[in-house]
Amino acid sequence: MPRPRPPWVLVPRWTGSVAVAATPHGRDPAARRGPLPYHGPPMTTTPLDVLRTSLRDLTCADPRLEHEGRILTLSGWVDRRRDLGQLIFLDLRDRYGITQVVVDATESPEAHAVASAVRSEYVLRVEGRVAARGEGTRNPKLATGDVELRAATITVLSSARTTPFVINDPDAEIDEAVRLTYRYLDLRRGPLQRRILARGRLVQAIREVHHAAGFVEVETPLLIKSTPEGARDFVVPSRLQPGSVYALPQSPQQLKQLLMVAGMDRYFQIARCFRDEDLRGDRQPEFTQLDLEMSFVAEPDVMGWVESMALAVTRGVAPERPIAQVPFPVLTYREAIDRFGSDKPDLRYGMELVDLGDAVAGAGFRVFDSVLEAGGRVMGITVAGQGGISRGQIDELTEMAKRFGAGGLIWLAPGADGSIRGSVVKALGEERATAIARAAGAGEGDLVLIVADRDIHAQEVLGRLRVEMAGRLGLADPNVLAYVWVHQFPMYQWDADARRWDATHNPFSGVMPDDLGLLETSSGDLAAADPGDPAGRARALQYDLALNGWELGGGSIRFHTRELLARSFALQGYSDESMVERFGGILEAFEYGAPPHGGIALGVDRWAALLTDQTNIREVMAFPKTSSGSDLMLAAPSPAEPGQLEELGLTRAPRPAEG
RNA sequence: GGACCCGUGGUGUAGCGGCCCAACAUGCCAGCCUGUCACGCUGGAGAUCGCCGGUUCGAAUCCGGUCGGGUCCGCCA
């Protein structure tokens with residue numbers, strides 16, 4: 001039965017608009033001319049009338065005083081029922097909001113009979129008249145709280161068992177295994193629902209900004225050839241070619257570079273990626289990346305685009321959250337390690353590392369001397385106001401430092417009148433110890449933590465302690481978003497077991513022009529690598545974007561000539577044959593005219609988590625897996641059917657323990 | 001592969017050798033109630049304490065194993 005279209009429509013749903021400010025790029029303004037502020041149309045909003053259906057006129061968030069006296073139909077879930085006998089209140093809920101329904105036995109006995117039998121989470125359709133609430137009965141906590149729907153007819157669209165956990169309490173703490181088993185019910189609850197909606201807006205904003213800037217959205221296949229990006233591949237056996245397998249992509253890396261060879265110029269994709277590694281709070285076996293690649297670009301072009309895009313998206317999705325610094329700070333890898341002990345530093349607080357090499361030199365303390373002689377570093381951080389730390393807490397931190405690979409942890413706590421506590425005060429003497437603490441920037445009442453170790457290791461351990469202490473002291477403002485670029489990574493790191501150079505990030509990354517001559521071995525034979533090779537000093541055209549101490553993603557300007565790419569692969573230990581076997585496609589493609597190109601991949605799950613204040617990406621994924629890779633709702637993975645294996649030409653080898 | 005934490009009515013917790021065939025809150029069921037909005041009041045049902053084994057006169061409680069969940073290291077961009 002068609003109804004007249006109601007006239008009170010067109011309330012915008014989401015009004016997050018994307019206005020992209022031009023941001024300068026790089027420290028050298030000329031080098032940062034960069035690209036392309038977004039001046040496209042405003043972001044889409046959802047007009048209200050599209051939400052009207054034959055089962056409802058409005059959503060449960062809509063009724064207002066202006067509707068008073070109208071006969072309207074709402075549909076939704078029973079959030080709560082308050083039964084006062086002859087009078088029953090039902091809070092009707094959908095994802096937009098809540099409207100109070102009143103059922104009066106004297107007004108509509110049939111509706112009252114239905115309402116008496118209704119329970120939480122029943123799905124109802126209610127027709128009634130919108131009435132203004134009387135003085136003193138309005139509810140300012142509800143957007144619809146000035147009115148209520150006086151039920152004339154209630155239809156039960158669906159009944160509901162008692163749910164395994166409460167839907168209507170956003171603060172209820174529920175075992176995560178139960179939440180995952182009934183994910184569809186968890187998704188019905190406010191907090192998770194809001195996060196999934198926020199993620200949807202994030203992806204929408206990403207798409208709109210890229211389309212408006214001329215990027216082409218291209219889908220790449222999921223059944224591809226295994227590519228060595230470091231992680232284990234998920235493998236899919238082929239029925240048509242028994243014994244052969246596809247791999248699921250760890251990322252669309254080669255495909256997007258081939259799209260550049262194809263002249264696509266600007267590509268992006270919201271790409272599902274797969275890595276068969278152990279799970280963590282920020283790692284799931286399947287995850288989503290914003291993958292993009294651009295042609296005819298140098299490093300500032302890509303960083304510039306990504307920065308303006310990230311700003312636009314952030315302002316569209318989380319407009320209320322302050323961004324720490326714009327343009328984003330740019331650190332070299334070396335700087336990031338030396339100042340923060342991390343290549344993904346959290347810049348929401350200071351507590352920077354200090355080199356104490358000069359201060360401890362000649363102190364006659366064997367640990368320091370031997371480390372310095374061996375070319376290592378003595379580094380420290382000063383934790384303000386923590387001089388009163390207990391012995392037990394120091395032991396705990398020492399344990400942690402050891403777990404992170406340090407030999408030990410030295411501490412100093414200068415007190416009043418030149419006194420000083422600490423683990424090495426006796427060995428150093430009070431005077432020397434005080435001088436070291438002062439060199440670290442510590443004053444009375446502060447705590448200095450010192451690690452002496454091989455270069456990088458000292459910084460890395462302190463970097464972790466810095467994060468740990470900041471966490472304990474609550475130094476990071478949870479509201480602030482601190483984006484930071486880190487670039488000029490080393491091209492390679494030495495793999496002592498395989499005796500070859502390993503790409504630190506991406507095997508396709510190009511090299512900084514100044515370091516082109518370093519793509520060499522000492523022997524001159526690329527196949528005979530040695531840890532002292534010049535290649536170990538080469539820096540890559542590689543850039544990472546970090547946000548609040550999480551790596552959001554990274555990218556690079558790629559080699560686009562066959563010669564240089566092959567040279568880099570050779571340094572990474574590939575023979576000519578294995579190179580052709582694994583990368584033959586892209587090497588050949590580069591013989592047919594490849595434009596200079598580069599790009600980046602950003603973790604959408606991590607981004608969504610950070611923008612919604614979560615520390616775990618499961619909280620922004622609709623259907624995540626447990627830390628052992630199970631889907632508790634669908635009970636996946638499950639044992640293979642014998643017929644399936646047979647068809648694929650596979651047999652299952654029993655584990656030794658199973659006999 | 002390793003370390004640590006957790007597992008008690010539907011949910012969240014308490015109990016940590018006998019006082020416990022287990023307590024509290026909430027939820028659930030029933031009755032009463034015409035202005036509630038975390039409605040209220042009265043009554044009731046509901047757990048052999050993840051599972052297996054051991055120690056003990058006696059185990060939710062101690063020990064071993066196992067399964068499941070989480071965090072971290074290794075692994076992973």
Side-chain angles (χ1 to χ4, degrees), chain A residues 79-93 98-107 112 116 119-121 131 133-142 144-145 148 150 160-182 185-186 229-233 250-251 253 273-285 287 289 343-344 399-400 402-405 464 468 486 489 502-507 509 542 544-546 550-556 600-603 606 615-616 618 625-630 632 635 657:
Chain A
D79 191 64
R80 224 174 223 113
R81 191 177 75 112
R82 292 176 293 281
D83 186 345
L84 278 61
Q86 294 301 94
L87 193 64
I88 298 172
F89 296 95
L90 299 173
D91 288 342
L92 202 62
R93 182 198 71 230
I98 287 179
T99 294
Q100 174 168 282
V101 174
V102 197
V103 194
D104 189 322
T106 58
E107 257 175 54
H112 184 268
S116 298
R119 293 295 180 268
S120 285
E121 300 308 315
R133 295 211 204 175
E135 201 62 47
T137 68
R138 300 195 181 112
N139 185 350
K141 285 185 238 164
L142 289 182
T144 60
E148 59 198 3
R150 302 201 70 92
R161 291 165 59 187
T162 301
T163 50
F165 47 84
V166 280
I167 307 298
N168 58 24
D169 181 359
D171 301 320
E173 284 179 26
I174 303 147
D175 185 77
E176 188 156 6
V178 178
R179 291 178 57 201
L180 289 170
T181 305
Y182 299 93
L185 293 179
D186 199 19
E229 292 199 44
R232 234 174 253 117
D233 283 318
Q250 296 181 28
S251 78
Q253 181 65 35
C273 304
F274 303 86
R275 288 179 189 152
D276 190 4
E277 295 293 344
D278 288 5
L279 287 79
R280 283 286 194 286
D282 60 352
R283 279 168 18 201
Q284 285 265 313
F287 59 100
Q289 287 192 339
D343 61 1
K344 43 178 196 284
E399 272 311 299
M400 191 175 297
K402 285 181 177 166
R403 192 150 37 83
F404 295 150
R464 294 192 182 209
E468 173 67 24
V486 177
F489 284 81
D502 223 4
T504 58
H505 282 67
N506 181 313
S509 290
Q542 163 80 34
D544 275 11
L545 184 61
W550 277 26
E551 181 191 327
L552 251 199
S556 62
I600 199 167
L602 301 181
R606 290 181 183 179
T615 55
N616 196 307
R618 288 192 300 272
K625 293 177 177 56
T626 68
S627 69
S628 58
S630 301
L632 294 179

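Per chain, numbering begins at 1; letters A, B, ... match sequence-line order. This is a predicted model, so every value here is computed, not measured.
- For B:C28, neither phosphate oxygen OP1 nor OP2 lies less than 4.0 angstrom from any side-chain nitrogen or oxygen of A:Arg161.
- For A:Glu173, the CD atom counts as loosely surrounded, since its 6.0 Å shell holds 12 or fewer non-hydrogen atoms of other residues, nucleotides or ligands.
- In this structure, B:C21 makes no Watson-Crick or G-U wobble pair, since no nucleotide meets both defining distances under 3.5 angstrom.
- Separating the CD1 atom of A:Ile88 from the P atom of B:G40 is a distance of 16 Å, rounded to the nearest angstrom.
- Residues satisfying the side-chain contact (heavy atoms from CB on, under 4.5 Å) criterion with A:Thr144, sequence neighbours excluded, are A:Pro63, A:Arg64, A:Thr99, A:Leu142.
- Proximity of a side-chain donor or acceptor of A:Arg133 to a complementary backbone N or O of A:Gly145 within less than 3.5 Å is detected.
- For the C1' atoms, the distance from B:A47 to B:U36 is 34 Å, rounded to whole Å.
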Atom pairs under 3.5 Å: protein N/O with N/O of nucleotides 31-38 of chain B:
residue : atom : partner  : partner atom : Å
B:C33   : N3   : A:Asp83  : O            : 3.1
B:C33   : N3   : A:Gly85  : N            : 3.4
B:C33   : N4   : A:Asp83  : O            : 3.3
B:C33   : N4   : A:Asp83  : OD1          : 3.3
B:C33   : N4   : A:Gly85  : N            : 3.4
B:U34   : OP2  : A:Leu84  : O            : 3.4
B:U34   : OP2  : A:Gln86  : N            : 3.2
B:U34   : N3   : A:Asp104 : OD1          : 3.3
B:U34   : N3   : A:Asp104 : OD2          : 3.4
B:U34   : O4   : A:Asp104 : OD1          : 3.4
B:U34   : O4   : A:Thr106 : OG1          : 3.0
B:G35   : O6   : A:Arg150 : NH1          : 2.8
B:G35   : O6   : A:Arg150 : NH2          : 3.4
B:G35   : N1   : A:Glu148 : OE2          : 2.9
B:G35   : N2   : A:Glu148 : OE1          : 2.6
B:G35   : N2   : A:Glu148 : OE2          : 3.2
B:U36   : O2'  : A:Arg82  : NE           : 3.4
B:U36   : O2   : A:Arg82  : NE           : 2.7
B:U36   : O2   : A:Arg82  : NH2          : 3.2
B:U36   : O2   : A:Gln100 : OE1          : 3.3
B:U36   : N3   : A:Gln100 : OE1          : 2.9
B:U36   : N3   : A:Gln100 : NE2          : 3.1
B:U36   : O4   : A:Gln100 : NE2          : 3.0
B:U36   : O4   : A:Arg133 : NH1          : 3.1
B:U36   : O4   : A:Thr137 : O            : 3.3
B:C37   : O4'  : A:Arg82  : NE           : 3.0
B:C37   : O2   : A:Gln100 : OE1          : 3.3
B:C37   : O2   : A:Asn139 : ND2          : 2.9
B:C37   : N3   : A:Arg133 : NH1          : 2.8
B:C37   : N4   : A:Thr137 : O            : 2.5
B:A38   : OP2  : A:Lys141 : NZ           : 2.9
B:A38   : O3'  : A:Arg80  : NE           : 3.3

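- The distance between atom NZ of A:Lys344 and atom C1' of B:C76, rounded to the nearest whole Å, is 11 Å.
- The P atoms of B:U48 and B:U11 are separated by 13 Å, rounded to the nearest whole Å.
- Nucleic acid contact for A:Arg618: sugar-phosphate only, since backbone atoms but no base atoms lie under 4.0 Å from a heavy atom of the residue.
- When all heavy atoms of A:Leu632 and A:Leu180 are compared, the closest pair comes out as CD1-CB, 3.9 Å.
- An OP1 or OP2 oxygen of B:G27 is reached within less than 4.0 angstrom by no side-chain nitrogen or oxygen of A:Ser120.
- Here, B:C62 and B:G44 have their C1' atoms 37 Å apart, quoted to the whole Å.
- Look at A:Arg464 and you'll find a side-chain N or O under 4.0 angstrom from OP1 or OP2 of B:C73.
- Checking B:A30, B:G68, B:C72 against every side-chain atom of A:Arg403, the shortest atom distance belongs to B:C72.
- A distance of about 27 Å separates the C1' atoms of B:C21 and B:U66, rounded to the whole Å.
- Residue A:Phe404 contributes atom CZ, which lies 12 Å from atom C1' of B:U71 at whole-angstrom precision.
- Contact detail for A:Arg81 and A:Ser116: the closest heavy-atom pair is NH1-O, 3.1 Å.
- Under a 4.0 Å N-O distance rule, the pair A:Glu107/A:Arg150 qualifies as a salt bridge.
- Of all the heavy atoms in A:Phe287 and A:Gln250, the pair that sits closest is CZ-O, 4.2 Å.
- Listed pair A:Ser627 / B:G69 fails the phosphate criterion, with no side-chain N or O lying under 4.0 Å from OP1 or OP2.
- Taking atom CD of residue A:Glu399 and atom C1' of nucleotide B:C72, one finds them 14 Å apart after rounding to whole Å.
- Distance noted for atom C1' between B:G15 and B:A25: 15 Å (whole Å).
- Of the candidate nucleotides B:U71, B:A77, B:C76, B:A77 has the atom lying nearest to any side-chain atom of A:Asp343.
- To the nearest angstrom, C1' of B:C72 lies 12 Å from CG of A:Asp282.
- Nucleotide B:A3 is matched to B:U71 when pairs are restricted to Watson-Crick or G-U wobble geometry with both distances under 3.5 angstrom.
- Comparing the same atom, P, in B:G18 and in B:A59 gives a spacing of 11 Å after rounding to whole Å.
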Q: Treat primed atoms plus P, OP1 and OP2 as sugar-phosphate and everything else as base, then score nucleotides 3-12 of chain B 5' to 3': B for base contact with protein heavy atoms under 4.0 Å, S for sugar-phosphate contact only, - for none.
A: -------SSS
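- Of the two residues contacting RNA chain B, namely A:Asp544 and A:Leu632, the nearest-nucleotide position lying further toward the 5' end is that of A:Leu632.
- Distances shorter than 4.0 Å separate some side-chain N or O of A:Arg119 from OP1 or OP2 on B:A30.
- Between A:Gln284 atom CD and B:A77 atom C1' the separation is 16 Å, expressed in whole Å.
- Rounded to an integer number of Å, the gap from A:Phe274 CZ to B:A77 C1' is 17 Å.
- Distances shown here put every side-chain N or O of A:Arg283 at or beyond 4.0 Å from the OP1 or OP2 atom of B:C72.
- B:G69 and B:G12 have their P atoms separated by 16 Å, with the value rounded to a whole Å.
- Side chains of A:Gln253 and A:Asn506: a donor-acceptor N/O pair is present below 3.5 angstrom, by distance only.
- A donor atom on one side chain and an acceptor atom on the other are found under 3.5 Å apart for A:Gln542 and A:Ser509.
- Applying the side-chain hydrogen bond (donor to acceptor under 3.5 Å, both in side chains) test to A:Asp79 and every residue at least two apart in sequence or in another chain returns A:Arg93.
- Atom pair A:Leu180:CG and B:G69:C1' shows a separation of 9 Å (rounding to whole Å applied).
- One finds no side-chain N or O of A:Arg81 lying less than 4.0 angstrom from the OP1 or OP2 phosphate oxygen of B:C39.
- OP1 or OP2 of B:G70 has not a single side-chain nitrogen or oxygen of A:Asn616 nearer than 4.0 Å.
- The gap from the C1' atom of B:C24 to that of B:C39 amounts to 22 Å, rounded to the nearest Å.
- Take A:Asp91 and apply the side-chain hydrogen bond (donor to acceptor under 3.5 Å, both in side chains) test, not counting sequence neighbours, and it matches A:Arg82.
- Considering only residues two or more places apart in sequence or on other chains, A:Asp186 meets the side-chain contact (heavy atoms from CB on, under 4.5 Å) condition with A:Phe165, A:Arg179, A:Arg183, A:Arg189, A:Leu192.
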